[in-house]
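Remarks on the structure that follows.
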Amino acid sequence: MEESTGPIINPFPAARERRPLPVAAGTPSRLSTGGRYRPSVPHRLPRRIPDDRFNELFAALRHNRDRALLAFWVSNGARASELLTSRQRDALPGEQLLGVIRKGTRAYQQLPSSPDAFVWLRLYQEEAWRAGVPRGAHEALWWTLRRPFRPLGYHAARAMLNRVNELLGSNWTLHDLRHTAAYRMARDPELALTDVQWVLGHAHLTPTQIYLPAGRDENVEAVRAHHERQTRPSSRLPQPPATGPSRSTTCLEAICERPRPGYDRWHHARAGVRSSSRTAGRGRGDASGAGTVPSPARRGAMGDNVCVRR
């Protein structure tokens, strides 16, 4: 190309047939996949900040402004540049809403945020107003900490995080905070995925679904807990085999031991009739006037009724 000589030949095969590759020493012959050059794009999961690492990052901050910024980024999932577009009138602590301008559509949207973020915001505003930061509904919400005061930009916010990374020896980015917020909301079983999509500002649900799988740390902890449960001795002792009567026999015995008013009354009446004279015309009635003694068929039906009720 530099010497204007040609033609320029593509070193990758243009055809899609499978061609034999040269045989190396001691290796069997194999075929190439052939076809046009199509590099495989690696699929990387969004990187989130674990809770313990986030606590270290938050504790390393020195100013209330920086703490308020991180609290908002990790709670409402706004992009770093979107959060810096907020005005002082856009913060509504009573409703826990913060208005931002979306990056792509430039639409104004109010995002719900955590109560702690508004606490840090109020502390930062009191310090900034005492230092001389302009105060007004249309003024910017985030300002630099040194004079001359200017609205905080994206590069200044990234420099703030880079200073903390140098102190901790980490390499977190501002966009990792958005991924962390998305992971926390998507992994909440009581929060619908469509709500997470609305908060993140995704036009389709597919980009939001990448936050559903568990991260590597969560998978490792789950497998470790599984192995710990397997090595733990079981507290439940094996039950000895049953050697007594079966359940049906036990239930039948319990049924027969229950009081049967009709049958018992006939049994006592029968004992009284035996002691009296049956030829005196008293018939088969009870001596105490309890009623007629049931017949054998009636006695069988009474026994069946007792078992059916049981």
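Numbering of residues begins at 1 and proceeds along the displayed sequence. Hydrogens, waters and symmetry mates play no part in the numbers below; they use all other heavy atoms, side chains included.
The only option from Arg79, Arg53, Arg47 that meets the salt bridge (Lys or Arg N to Asp or Glu O under 4.0 Å) definition with Asp176 turns out to be Arg47.
Residues Tyr124 and Trp143 keep their aromatic ring centres 6.0 Å or farther apart.
The side-chain heavy atoms of Val164 and Trp172, taken from C-beta on, include no pair separated by under 4.5 Å. For the pair His227 and Thr231, the minimum side-chain heavy-atom distance is 4.5 Å or more. Between Trp73 and Thr180 there is no side-chain heavy-atom pair separated by less than 4.5 Å. Using a 4.5 Å cut-off on side-chain heavy atoms (C-beta onward), Asp51 and Arg184 make contact.
Leu92 is not connected to Leu141 by any chain of hydrophobic side-chain contacts under 4.5 Å among Ile, Leu, Val, Met, Phe, Trp and Tyr, and they are in different clusters. Grouping the Ile, Leu, Val, Met, Phe, Trp and Tyr side chains by contacts below 4.5 angstrom, directly or via other members, places Leu168 with Met160. One hydrophobic cluster, built from ILVMFWY side chains closer than 4.5 Å, holds both Tyr154 and Leu98. A continuous path of hydrophobic side-chain contacts links Leu177 to Trp142 [ILVMFWY only; heavy atoms under 4.5 Å]. In this structure, Met185 is not a member of the same hydrophobic cluster as Leu111, with clusters built from ILVMFWY side-chain heavy atoms closer than 4.5 Å.
Using cut-offs of 30° and 60° for the angle between ring planes, the Tyr211 and Tyr183 rings count as perpendicular. Note on ring orientation: taking the six-membered ring where Trp is involved, the planes of His179 and His175 are perpendicular (angle over 60°, cut-offs 30° and 60°).
In plain terms, the two heavy atoms of Ile210 and Pro46 that are nearest each other are CD1-CG, 3.6 Å. Nearest heavy-atom pair, Ser81 versus Lys103, reported as atom, atom and distance to 0.1 Å: OG-CD, 4.4 Å. The two atoms that bring Ala60 and Leu167 nearest to each other are CB-CD2, 4.2 Å, heavy atoms only. When all heavy atoms of Leu200 and Ala182 are compared, the closest pair comes out as CD1-CB, 3.7 Å. Here the closest heavy-atom approach between residue Phe149 and residue Ala131 is recorded as CE1-O, 3.6 Å.
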| said: Is there a side chain to side chain contact (heavy atoms under 4.5 Å, CB included) between Leu145 and Arg65? Walk through the geometry before answering. | reply: CA-CA 9 Å; Leu145 299 177; Arg65 183 205 63 180; 3.6 Å; yes
| Steps toward side chain to side chain contact (heavy atoms under 4.5 Å, CB included) verdict (Gln109, Val199) | CA-CA 9 Å; Gln109 184 177 355; Val199 170; 5.8 Å; no
| query | Do Asn171 and Asn165 pass the side chain to side chain contact (heavy atoms under 4.5 Å, CB included) test, and can you show the C-alpha distance, the side-chain angles, and the key distance before you say yes or no? | reply | CA-CA 6 Å; Asn171 59 345; Asn165 285 330; 5.5 Å; no
| task | Please report the C-alpha distance between Leu97 and Phe118 in whole Å, then the side-chain angles of each, then the deciding distance to 0.1 Å, and finally whether the side chain to side chain contact (heavy atoms under 4.5 Å, CB included) criterion is met. | result | CA-CA 9 Å; Leu97 295 176; Phe118 288 98; 5.5 Å; no
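Between Arg163 and Glu166 there is no salt bridge, since no side-chain nitrogen of the basic residue lies less than 4.0 Å from a carboxylate oxygen of the acidic one. Between Glu218 and Arg187, at least one side-chain nitrogen of the basic residue sits less than 4.0 Å from a carboxylate oxygen of the acidic one, meeting the salt-bridge criterion. Taking a cutoff of 4.0 Å between a charged side-chain nitrogen and a carboxylate oxygen, Glu228 and Arg224 do not qualify as a salt bridge. With respect to the salt-bridge test (charged N to carboxylate O, under 4.0 angstrom), the residues Asp116 and Arg67 do not qualify. Comment: Arg87 does not engage Glu139 in a salt bridge, judged by the lack of any side-chain N to carboxylate O separation of less than 4.0 angstrom.
In this structure, Ser75 contributes its side chain and Ser113 its backbone to no donor-acceptor pair below 3.5 Å. Checking side-chain atoms of Thr85 against main-chain N and O of Ile101 turns up a donor-acceptor pair under 3.5 Å. With hydrogens and angles ignored, the 3.5 Å screen pairs no side-chain donor or acceptor of Glu82 with any backbone N or O of Arg102. With hydrogens and angles ignored, the 3.5 Å screen pairs a side-chain donor or acceptor of Gln197 with a backbone N or O of His202. Put simply, the side chain of Gln110 never gets that close to the backbone of Gly99: no donor and acceptor are under 3.5 Å apart.
Atom CG of residue Asn76 and atom CG of residue Leu83 lie 6.0 Å apart, to the nearest 0.5 angstrom. Taking OG from Ser170 and CG from Leu161, the interatomic distance works out to 7.5 Å, rounded to the nearest 0.5 Å. Note that NE2 of His204 is 12.5 Å distant from CD of Gln209, once rounded to the nearest 0.5 Å. In this structure, NE2 in His138 is found 10.5 Å from CD in Gln88, a value given to the nearest 0.5 Å. To the nearest 0.5 Å, atom CH2 of residue Trp120 and atom CG of residue Leu61 are 9.5 Å apart.
Residues passing the side-chain hydrogen bond (donor to acceptor under 3.5 Å, both in side chains) test with Arg150: none are found, sequence neighbours excluded.
Remark: the Tyr108 side chain and the Asp90 side chain contain an N/O donor-acceptor pair separated by less than 3.5 Å.
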